[in-house]
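Take a look at the structure set out below.
In each ligand, atom 1 is the first atom listed, and ligand 1 is the first ligand listed.
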Amino acid sequence: MFLTRALAEQREKQTLAPYAAFSADSRGRVYPEPEDPYRTCFQRDRDRIIHSKAFRRLKGKTQVFVAHYGDHYRSRLDHSMEVAQLSRDVARMLNLNEDLAEAIGLAHDLGHTPFGHAGEEAMNQLLKPFGDRFEHNEQSRRIVDYFEEKKPDYPGLNLSFEVRDGLMKHRTTYDRPVATDTLMPSLEAQIVNIADEIAYSNHDIDDGLRSQILKVDDLKTLALWQAAEKCVNRSMPFDLWVMAMISSLITLMVTDLAEETHRRITKHGIKTVDQIYETPAALAGFSPGMAVWMEELKAFLFKNFYQSPDVSSYNAEGKTVIRLLFTRLMDDFKLLPEKFQERLKIEKPYLVVKDYIAGMTDKFALELYHSLQK
Ligand code: MG
């Protein structure tokens with residue numbers, strides 16, 4: 001028997017929590033399309049994301065370390081896959097729509113600039129004189145809505161409302177994105193936000209130890225590390241012990257997230273997805289105790305890893321590259337590829353230059369930077 005889309009949709013209705021985002025109830029796509037015979041709309045969206053050029057470019061974008069620094073450090077592609085995996089796991093634990101969580105997780109960083117957060121910071125500064133700012137979530141949505149080319153009938157990937165909505169994660173009562181009338185995104189999208197935090201905290205500890213920028217003795221001062229240590233047998237080679245520690249940390253965080261989120265769902269008497277859309281505070285989150293531990297860990301990573309001399313000098317270089325590219329491209333639009341020059345007819349120049357630079361891999365940005373220096 002084939003698992004048709006109709007059957008998959010029916011299974012969702014029978015097995016998922018009543019407040020899950022059911023694919024059969026999706027608010028749909030901007031440009032209506034015939035449904036796929038076998039895949040649900042969210043499965044189809046996930047596949048469109050994986051097959052996009054912006055997704056492939058993530059392998060050349062820095063997470064914290066320069067993407068070609070070493071074979072085992074995370075690129076933004078690795079990070080995105082880890083976020084998708086954690087999101088799927090938590091969605092499954094809570095009986096939510098795994099396909100939706102996976103699609104948002106894979107796409108959440110598509111709009112990231114080259115050179116990690118340093119690149120984003122530099123871009124943000126450059127946009128200020130234009131009364132604008134750079135926000136990678138918004139950029140991710142611009143990519144899936146406008147820049148990816150799939151069919152002659154429409155721009156972008158024409159993803160479902162729920163995936164696009166999930167890409168706009170920083171949502172408050174006062175800041176409702178134009179394209180949506182909901183206060184909060186789906187629970188699946190809220191989970192991706194926290195899965196992002198879980199993923200980077202853990203892979204940054206791993207990459208920090210691997211690069212010897214972080215020391216185990218320093219991590220031992222953290223309450224969360226101490227809690228994880230209690231679950232891990234010390235008598236094994238160091239490398240394996242580090243892996244077991246990371247695994248233990250992830251388990252603690254994931255379990256806490258699932259349990260606390262479930263507690264909040266019960267407390268608020270959530271029965272439908274529409275209630276999730278209208279609950280002003282996020283329902284997905286850590287317990288108060290874990291939230292304190294996470295803050296302590298993030299402050300530790302900020303001071304000891306992101307601000308370490310090695311990472312800082314790399315960040316400074318990344319910022320220099322972005323600044324020069326922006327200035328030179330703004331001075332001479334002929335340096336832009338033809339497709340971007342075309343867009344100058346309909347878009348403000350600073351946005352065209354921003355979109356071009358934000359889409360670059362580290363390597364591409366560095367090569368262009370060096371060629372402009374000659
Ligand atoms: Mg991320």
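Of all the N, O or S atoms in Asp196, the one closest to the Mg ion (ligand 1) is OD1. The Mg ion (ligand 1) sits nearest to atom OD2 when only the N, O or S atoms of Asp109 are considered.
Asn158 is not listed as a side-chain neighbour of Lys151, based on a closest heavy-atom distance of 4.5 Å or more.
The Mg ion (ligand 1) has an N, O or S atom of His108 inside 2.8 Å of it.
Identified under the salt bridge (Lys or Arg N to Asp or Glu O under 4.0 Å) test for residues 222-246, with sequence neighbours left out: none.
In this view, Ile357 and Met123, Ile322, Leu325, Phe326, Leu329, Val353, Met360 satisfy the side chain to side chain contact (heavy atoms under 4.5 Å, CB included) rule, not counting sequence neighbours.
Within a 6.0 Å sphere centred on OH of Tyr154, heavy atoms belonging to other residues, nucleotides or ligands number more than 12.
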